[in-house]
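Notes follow once the structure below has been shown.
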Number of protein chains: 2
Amino acid sequence: MEQSSESYIYQRLKNAIIKGYIKQGTKLVETTLAKQMQVSRTPIRGAIRRLTYDGFAVYEANKGTCVIKPTLQEIKETFFVRQQLEKTAARLATETISPEQIQELQHYCHEEIQTFENRDIEEFHRINDAIHLLIAQVSGNTVLRRYIEELLNRTKIYLILYDPFQTTPLNPSIKEHQKVIEALQAKDPDAAEKAMELHMLSSYESMEIPVLPEDYISL
Amino acid sequence: MEQSSESYIYQRLKNAIIKGYIKQGTKLVETTLAKQMQVSRTPIRGAIRRLTYDGFAVYEANKGTCVIKPTLQEIKETFFVRQQLEKTAARLATETISPEQIQELQHYCHEEIQTFENRDIEEFHRINDAIHLLIAQVSGNTVLRRYIEELLNRTKIYLILYDPFQTTPLNPSIKEHQKVIEALQAKDPDAAEKAMELHMLSSYESMEIPVLPEDYISL
DNA sequence: CAAGCTAGAAATGTATACAATTTTGCCAGA
DNA sequence: TCTGGCAAAATTGTATACATTTCTAGCTTG
């Protein structure tokens, strides 16, 4: 499948933002990026606009587009919305989840433990995402799934600002996932919702404004 | 304030879709629209892409963009997500709402009753939107507010498919709004959440596939 | 007559040119 | 030195031209 130039550029830019290669607040200048990526302004422009619609950048007419620089307040608000939707997804999932899907979730949990022992943070996050996305999918509400996916993506960029060295203790996360999965297996909506609520809460309640040099760039 | 051509085109197209002037499933051809609107393809293209990101159209690479043609399932799913978020907003609003804001809501309710007597459906919907948006704003969570605003916009297009003649009894809606406002005034989170849940539920639970000629256009 | 192929048309994707707006930096004057 | 303004540079907004892909209509062939 031949992918369009714009999609490719979009992916590259998004990745660079999420990974922190592009500093928050940076202005995304069309002409500059066009030269760097050896394409015309047209696909660059499209990619930048898409980043805007996805919430990774802010646009001002006749001024240009900058990578977002969220406040701690905004970050917590976003996590809160994500929490609400994931709570709902977990509740719905108790009614529709199949034994195979439960097995898949448990498999992820095992992988998570192994990855934790290996200290492979990147892989750990990949598995974490997979768990949350699977539950969102199992919920059976595709609109809900799309919103959760969007918010999950959006919260990734926040983790860089909040915890650039990724030192957050991941151990509790594993146990929390297991709690959610147990509730799903027991088909207990209230327990599933509560478990997910607590899990999401622990991922943002302790956030504080990090002390970093102004021009800090995470690897 | 001078608005860009693209923004203007976006607004026009969105309005045409929401009002039903453009039939659901219609392909949005760049060249055709460019001729109609007397501009080049560039701003048309941007406007169409934006409609895509807002969920009013679907895009396929190298194929083009079509106005969405949601199934009843999708419509109900979207209303459900909106319901979840508005429930949350109502709950949060009980903690932050001011006497002035309560008064503003009550004012809307009075307007709503008058408008109902005048059978001005368009105005009625405008007031209804204002009530929901104000509660979302009062919640104090701007991310939540933006999502609710997006979903409110998106559900507008659904009402055309569901009820093109806008014959839905609006009377219960007024009473439901009053219930929500009473709960906000009493600063009772559970009551506010419940009242909003019931109000949202009544707006979509009874939806059925409408019987319409294939080429039906609302006004 | 149906299925498949092919050339032309049509539509989207990208590059480039030009217009309008904003930003920047320098200079004059108080 | 500070401020205001003006002109050049930089950047975004739009138009147009060209490239590539997809759609369509008509023809061929079994």
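The analysis underlying the following values was restricted to heavy atoms, covering all of them including side chains, and did not include hydrogens, waters or symmetry mates.
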Please determine, for the side chain of [X], which listed nucleotide ([options]) has the closest atom?
X: B:E6; options: C:dA15, D:dT14, D:dT22; answer: D:dT14
X: B:K63; options: D:dG13, D:dC23, D:dA15; answer: D:dC23
X: B:R41; options: C:dA15, C:dG13, D:dT11; answer: C:dG13

Take the protein atom [atom1] of [X] and the nucleotide atom [atom2] of [N], then report the distance between them rounded to whole Å.
X: A:R49; N: D:dT14; atom1: CZ; atom2: C1'; answer: 12 Å
X: A:E30; N: D:dT11; atom1: CD; atom2: P; answer: 10 Å
X: A:K35; N: D:dT11; atom1: NZ; atom2: P; answer: 8 Å
X: A:I44; N: D:dT12; atom1: CD1; atom2: P; answer: 11 Å
X: B:Y10; N: D:dG13; atom1: OH; atom2: P; answer: 17 Å
X: B:N62; N: D:dT21; atom1: CG; atom2: P; answer: 7 Å
X: A:Y59; N: D:dT11; atom1: OH; atom2: C1'; answer: 12 Å

So, is [X] near the phosphate of [N], with a side-chain N or O under 4.0 Å from OP1 or OP2?
X: B:S4; N: D:dG13; answer: no
X: A:Y8; N: C:dT14; answer: no
X: A:S40; N: C:dT14; answer: no
X: B:R45; N: C:dT12; answer: no

Exercise. Counting any heavy atom closer than 4.0 Å, what does A:L28 reach on the DNA or RNA strands: base, sugar-phosphate only, or nothing?
Worked result: sugar-phosphate
For this session: Check every strand shown and say whether A:S5 touches a base, only sugar-phosphate, or nothing at a heavy-atom separation below 4.0 Å.
Result: sugar-phosphate
For this session: Assess the side chains of A:S4 and A:E6: does a donor N or O sit below 3.5 Å from an acceptor N or O?
Result: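 Note: A:S4 and A:E6 side chains miss the donor-acceptor criterion.
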Exercise. For the side chain of A:T32 and the backbone of A:L28, is there at least one donor-acceptor N/O pair under 3.5 Å apart?
Worked result: no
For this session: Please check if the side chain of B:E193 supplies one atom and the backbone of B:K87 the other of a donor-acceptor pair under 3.5 Å.
Result: no
Problem set entry | Minimum side-chain heavy-atom gap B:L85-B:L151 below 4.5 Å | yes
For this session: Just do the salt bridge (Lys or Arg N to Asp or Glu O under 4.0 Å) check on A:E149 and A:R146 with the steps written out, would you?
Result: CA-CA 5 Å; A:E149 195 173 338; A:R146 280 205 300 273; over 6 Å; no
Exercise. Where each residue is assigned the nucleotide of DNA chain D containing its nearest heavy atom, which of B:K27 and A:T31 is assigned the position nearer the 5′ end?
Worked result: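 Going by which nucleotide is closer to the 5' end, it is A:T31.
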